[in-house]
2 protein chains.
Amino acid sequence: MAVILEAAERVFALYGHKGATTERIAREAGLPKANVHYYFKTKENLYRQVLAHILDDWMAAASTFEPGHEPEPALRAYVTAKMELSRKRPYGSRVWAGEVLSGAPVMEKFLGTTLKTWMDERVRTIEGWIEDGKIRAVDPSALLFLIWATTQHYADFERQVVILNGGKKITDKEYQARIDEVVALVLRSVGL
Amino acid sequence: MAVILEAAERVFALYGHKGATTERIAREAGLPKANVHYYFKTKENLYRQVLAHILDDWMAAASTFEPGHEPEPALRAYVTAKMELSRKRPYGSRVWAGEVLSGAPVMEKFLGTTLKTWMDERVRTIEGWIEDGKIRAVDPSALLFLIWATTQHYADFERQVVILNGGKKITDKEYQARIDEVVALVLRSVGL
DNA sequence: GTCTATACGTTGATAGAC
DNA sequence: GTCTATCAACGTATAGAC
């Protein structure tokens with residue numbers, strides 16, 4: 001039931017794993033909580049499915065970082081995709097952040113397998129760029145963490161971003177400009 | 001009672017605002033939970049005091065970014081201080097991250113006052129550097145967010161960092177090297 | 001499939017002995 | 001100040017009518 005998953009994503013993001021109640025998820029989805037348990041059996045299972053559901057978009061963004069490409073277009077595409085994902089699905093990013101924050105008890109396996117494999121490939125790609133003299137000698141994982149942290153900051157710490165913007169929401173136009181700024185900072189950090 | 005505050009910081013970081021129980025905090029502090037309520041009255045109040053307690057170290061790190069200084073030493077000192085704080089008090093950073101993640105219901109006021117004032121001063125400082133041609137033309141808040149996000153990533157997403165390091169803890173020596181890498185990335189991102 | 005009513009466990013908070 | 005015992009509120013989950 002898509003409407004429950006969507007409500008759950010928002011409620012888990014706003015109240016945390018434990019703070020989210022099935023009653024509230026049901027209310028925001030517009031049905032009694034018995035239905036939530038009918039479709040997802042347990043709250044724990046619903047939580048897992050919310051996380052898994054986010055993974056699709058996450059992997060799509062990850063796939064924009066193509067190992068075979070040149071550094072400038074590869075990094076530009078990846079940072080842009082991650083920034084757009086933070087804009088498009090802020091709640092999903094926040095659920096994920098909460099999960100990792102508390103030690104990733106549910107998603108530990110994914111981190112150690114799929115993500116680790118993905119990262120190792122990109123680390124080799126970046127090392128190749130350095131050997132070929134295409135970018136400055138940087139620590140590949142330090143660069144990847146900088147990109148993840150910075151791009152996800154706009155989703156995970158959205159409330160802080162808005163407050164420091166004087167309480168005014170960030171418009172689409174402003175966000176587009178911010179994407180360009182982040183891309184420029186990242187590219188320059190590796191000497192491009 | 002310092003022992004309770006310290007236990008609470010860790011438990012709130014690991015289980016979240018709602019997931020943390022006074023019973024668990026008490027157990028980790030080595031006393032019955034009635035004592036926790038005796039000293040802090042309510043869990044809510046204890047949570048606020050944990051957040052306030054972190055602010056001291058946070059403000060100390062923030063003060064290393066001196067508006068009057070030159071860009072290179074100022075940014076180097078600030079990034080280093082933030083990285084060292086993430087290493088020294090990871091749980092505090094994580095409690096703070098959880099608070100902002102869920103919309104900063106408790107710390108909203110601080111963000112809009114003290115932090116906003118601090119940031120506005122630094123934005124002007126960075127704008128001054130740009131006008132004087134000392135650094136590249138960057139969006140000051142984009143730069144500050146990049147620094148916050150990247151440095152706090154090592155505390156907030158520590159579990160992920162460790163897993164992607166093959167499950168091996170980061171040694172002090174490795175972390176020192178990582179600080180240098182992050183400083184280099186940040187400095188180069190503004191053209192230094 | 002949908003919903004109301006309810007059972008059962010957990011947790012924040014306190015009463016009251018020491 | 002410290003601790004054990006206890007309670008009231010809340011939240012997950014299900015039974016069972018429709």
Side-chain angles (χ1 to χ4, degrees), chain A residues 1-54 91-92 94-99 101-108, chain B residues 1-54 91-92 94-99 101-108:
Chain A
M1 206 62 162
V3 63
I4 297 176
L5 262 182
E6 200 226 330
E9 182 172 307
R10 189 170 57 250
V11 174
F12 276 122
L14 292 175
Y15 300 93
H17 182 176
K18 183 78 187 205
T21 66
T22 53
E23 197 282 331
R24 173 146 207 136
I25 292 169
R27 189 172 1 130
E28 303 225 355
L31 28 88
K33 70 174 171 178
N35 295 33
V36 172
H37 282 99
Y38 174 76
Y39 283 107
F40 292 91
K41 201 63 185 170
T42 66
K43 172 181 165 180
E44 188 62 23
N45 179 48
L46 175 54
Y47 177 70
R48 284 170 191 273
Q49 294 209 32
V50 166
L51 282 174
H53 188 232
I54 304 160
Y91 293 123
R94 284 157 83 169
V95 176
W96 193 265
E99 164 68 10
L101 211 60
S102 63
V106 172
M107 280 295 153
E108 172 143 25
Chain B
M1 207 60 163
V3 64
I4 297 176
L5 263 182
E6 199 226 330
E9 182 172 308
R10 188 170 57 250
V11 174
F12 275 121
L14 291 175
Y15 300 93
H17 181 176
K18 185 76 187 206
T21 66
T22 54
E23 197 282 331
R24 174 144 207 140
I25 292 169
R27 193 177 353 136
E28 302 224 355
L31 28 87
K33 72 172 171 177
N35 295 36
V36 172
H37 283 100
Y38 174 76
Y39 283 107
F40 292 91
K41 200 65 186 170
T42 67
K43 172 182 164 179
E44 188 64 23
N45 179 49
L46 174 55
Y47 178 69
R48 285 171 192 273
Q49 293 209 32
V50 166
L51 283 173
H53 188 232
I54 303 160
Y91 294 124
R94 284 157 82 169
V95 176
W96 193 265
E99 163 68 10
L101 210 60
S102 62
V106 172
M107 280 296 153
E108 172 141 27

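Quick note on labels: first sequence line is chain A, next is B, and so on, each numbered from 1.
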With a non-hydrogen cut-off below 4.0 angstrom, is A/Ala26 in contact with a base, only sugar-phosphate, or nothing? nothing
Under 4.0 Å, heavy atoms only, any strand: does B/Phe40 hit a base, just the sugar-phosphate, or nothing? nothing
Residues in residues 4-16 of chain B with a heavy atom under 4.0 Å of DNA chain C, by number, are none
Side chain of A/Lys43: nearest nucleotide among D/dT14, C/dG12, D/dA13? D/dA13
Of the listed nucleotides (C/dT11, D/dA15, D/dT12), which one gets closest to any side-chain atom of A/Thr21? D/dT12
Minimal heavy-atom distance between A/Leu101 and B/Arg94, with the atoms involved, is O-NH2, 2.7 Å
Which atom pair, heavy atoms only, marks the closest approach of A/Ala20 to A/Val11? CB-CG1, 3.6 Å
Grab the [atom1]-[atom2] distance between [X] and [N] for me, whole Å please.
X       : N      : atom1 : atom2 : result
B/Glu44 : C/dT11 : CD    : C1'   : 15 Å
B/Met1  : D/dG1  : CE    : P     : 9 Å
A/Glu23 : C/dT6  : CD    : P     : 17 Å
B/Tyr47 : C/dT11 : OH    : C1'   : 18 Å

Rounded to the nearest 0.5 Å, what separates atom CG in A/Leu31 from atom CD1 in A/Ile25? 11.0 Å
Less than 4.0 angstrom between a side-chain N/O of [X] and OP1 or OP2 of [N], yes or no?
X       : N      : result
A/His37 : D/dT14 : no
B/Tyr39 : D/dT2  : yes
B/Thr22 : C/dG12 : yes
B/Tyr38 : D/dC3  : no
A/Lys33 : C/dT4  : no
B/Lys18 : C/dT11 : no
A/Asn35 : C/dC3  : yes

Does the B/Glu9 side chain pair with the main chain of B/Val50, one donor and one acceptor, at a distance under 3.5 Å? no
Determine yes or no for a side-chain-to-main-chain donor-acceptor pair under 3.5 angstrom, with A/Glu99 supplying the side chain and A/Met107 the backbone. yes
Just say parallel, tilted or perpendicular for the rings of A/His17 and A/Phe12, cut-offs at 30° and 60°. perpendicular
Side chain to side chain, A/Lys33 and A/Thr21, heavy atoms closer than 4.5 Å: no
